[in-house]
Amino acid sequence: MSRTAAEIATQPACWRRAAEFAADFEGLPQPGERVAVTGCGTSWFMAIAYAALREAAGQGETDAFASSEFPVGRTYDRVVAITRSGTTTEVLDLLGAVRGKVPTLALTADPKTPVMEAADTVAVLDFADEESVVQTRFATTALAFLRAGLGDIAGVKSVAEAALDAELAVTEPLPDAVVGAEQWTFLGRGWTYGLALEAGLKMREAAGAWTESYPAMEYRHGPISITGPGRVAWMFGELPEGLAGDVDRVGGHLVARQDADPLAELVRAQRLAVALAEARGFDPDRPRNLTRSVILA
């Protein structure tokens, strides 16, 4: 078993621990605050998911930005930065630019990195740190931590319920039609669009796979053109009316586990990425052209 696969399997326990941590943590965004969430790569996609979740919870306007594209001149009550390594140049530069102007919270896996001094408040999720370059459990645990801090959200399961679904996701066999496909399109709505983006990235990082990600209602506006026999459309969350028929009409294979929490579905996509990488002779722990952190000169 690769290190990545082993780390993927620990996610249910990590999410439960994150929910417990969030219950007593001081420094999370408060209801009514105008918040910006930021990160790079996978962390940015988790920021997108959290921003949509927080707005769905009615807790205030929440924007998400890649750290390199953050509008520093815009006014916020709090900035939340997600950085597994605590060393990513763009994140540290942003925290430095807003220091003293707006309260900042950073989520990191490593308490011995510069982010500890760069942010006003830091949530250390070291129990979810990873040896693999490819992010899996830290990213989902960071989102579980932030999600737990929102409390009850209509139509969204609790983190505890998501962890139960994830226990199935780490053990159930992946369907042959999904493993044997040549192309995968990931779809989401609201907060699950961020998960769809992350699923596509994970497949590209680990396996060099041809994947795309879109808001589900945009699927008919062009992306459906690449779907056909041997290709998968994978929906995170509630399936839009008529979409199943559209995928069937063009001969594609639809994945839509609407009974499962979307974060648990991301675990399945992570497992698929590892399975494809191994089948193609790649090392999922050491993806091509990638490092644990991007540190610029």
If we only count heavy atoms from C-beta on, is the [X] to [Y] side-chain gap below 4.5 Å?
{"X": "Phe138", "Y": "Cys14", "result": "no"}
{"X": "Thr113", "Y": "Asp110", "result": "yes"}
{"X": "Tyr219", "Y": "Val247", "result": "yes"}
{"X": "Glu278", "Y": "Ser2", "result": "yes"}
{"X": "Arg74", "Y": "Phe65", "result": "yes"}
{"X": "Phe21", "Y": "Leu125", "result": "yes"}
{"X": "Gln183", "Y": "Thr185", "result": "yes"}
{"X": "Trp191", "Y": "Val156", "result": "yes"}

Got a salt bridge between Glu172 and Arg268, using NZ or NE/NH1/NH2 to carboxylate O under 4.0 Å? yes
Salt bridge between Glu182 and Arg231, side-chain N to carboxylate O under 4.0 Å? yes
Same apolar cluster (I L V M F W Y, side chains within < 4.5 Å links), [X]/[Y]:
{"X": "Val35", "Y": "Leu105", "answer": "yes"}
{"X": "Tyr50", "Y": "Val159", "answer": "yes"}
{"X": "Val178", "Y": "Val170", "answer": "yes"}
{"X": "Trp234", "Y": "Ile224", "answer": "no"}
{"X": "Phe186", "Y": "Tyr214", "answer": "no"}

Under a plain distance cut-off of 3.5 Å, with no hydrogens placed, do [Y] and [X] share a side-chain donor-acceptor pair?
{"X": "Thr10", "Y": "Arg137", "answer": "yes"}
{"X": "Gln59", "Y": "Glu33", "answer": "no"}
{"X": "Ser85", "Y": "Thr87", "answer": "yes"}
{"X": "Ser67", "Y": "Glu69", "answer": "no"}
{"X": "Thr42", "Y": "Lys202", "answer": "yes"}

Before giving the answer on side-chain contact (heavy atoms from CB on, under 4.5 Å), spell out for Arg54 and Leu146 the whole-Å C-alpha distance, their side-chain angles and the decisive distance to 0.1 Å. CA-CA 9 Å; Arg54 187 171 184 269; Leu146 293 169; over 6 Å; no
Looking at [X] and [Y], what are the two nearest heavy atoms and their distance?
{"X": "Val115", "Y": "Ala106", "value": "CG2-CB, 3.6 Å"}
{"X": "Arg280", "Y": "Ala209", "value": "NH1-CA, 3.6 Å"}
{"X": "Ala260", "Y": "Glu265", "value": "CB-OE2, 4.1 Å"}
{"X": "Ala162", "Y": "Trp15", "value": "O-CZ3, 3.5 Å"}
{"X": "Pro284", "Y": "Ser132", "value": "O-OG, 3.8 Å"}
{"X": "Ala199", "Y": "Phe236", "value": "CB-CZ, 3.7 Å"}

Polar side-chain atom of [X] near backbone of [Y] as donor-acceptor pair, under 3.5 Å:
{"X": "Thr227", "Y": "Gly252", "answer": "no"}
{"X": "Asp285", "Y": "Arg3", "answer": "yes"}
{"X": "Arg78", "Y": "Arg34", "answer": "no"}
{"X": "Arg271", "Y": "Ala169", "answer": "yes"}
{"X": "Thr192", "Y": "Leu195", "answer": "no"}
{"X": "Glu198", "Y": "Leu266", "answer": "no"}
{"X": "Arg84", "Y": "Asp129", "answer": "no"}
{"X": "Asp165", "Y": "Asp261", "answer": "yes"}
{"X": "Thr88", "Y": "Val91", "answer": "no"}
{"X": "Gln11", "Y": "Ile8", "answer": "yes"}

To the nearest 0.5 Å, how far apart are [atom1] in [X] and [atom2] in [Y]?
{"X": "Leu187", "Y": "Leu239", "atom1": "CG", "atom2": "CG", "value": "9.0 Å"}
{"X": "Lys157", "Y": "Leu164", "atom1": "NZ", "atom2": "CG", "value": "8.5 Å"}
{"X": "Gln135", "Y": "Gln270", "atom1": "CD", "atom2": "CD", "value": "10.0 Å"}
{"X": "Thr38", "Y": "Ile48", "atom1": "OG1", "atom2": "CD1", "value": "10.0 Å"}
{"X": "Arg286", "Y": "Glu131", "atom1": "CZ", "atom2": "CD", "value": "9.0 Å"}
{"X": "Thr136", "Y": "Glu7", "atom1": "OG1", "atom2": "CD", "value": "5.5 Å"}

Exactly one candidate in Asp63, Thr104, Thr62 meets side-chain hydrogen bond (donor to acceptor under 3.5 Å, both in side chains) with Tyr76; the answer is Asp63
Ring center gap for Phe145 and Phe25 short of 6.0 angstrom: yes
Check against side-chain contact (heavy atoms from CB on, under 4.5 Å), Phe70 and Val79: CA-CA 10 Å; Phe70 194 97; Val79 171; 3.9 Å; yes
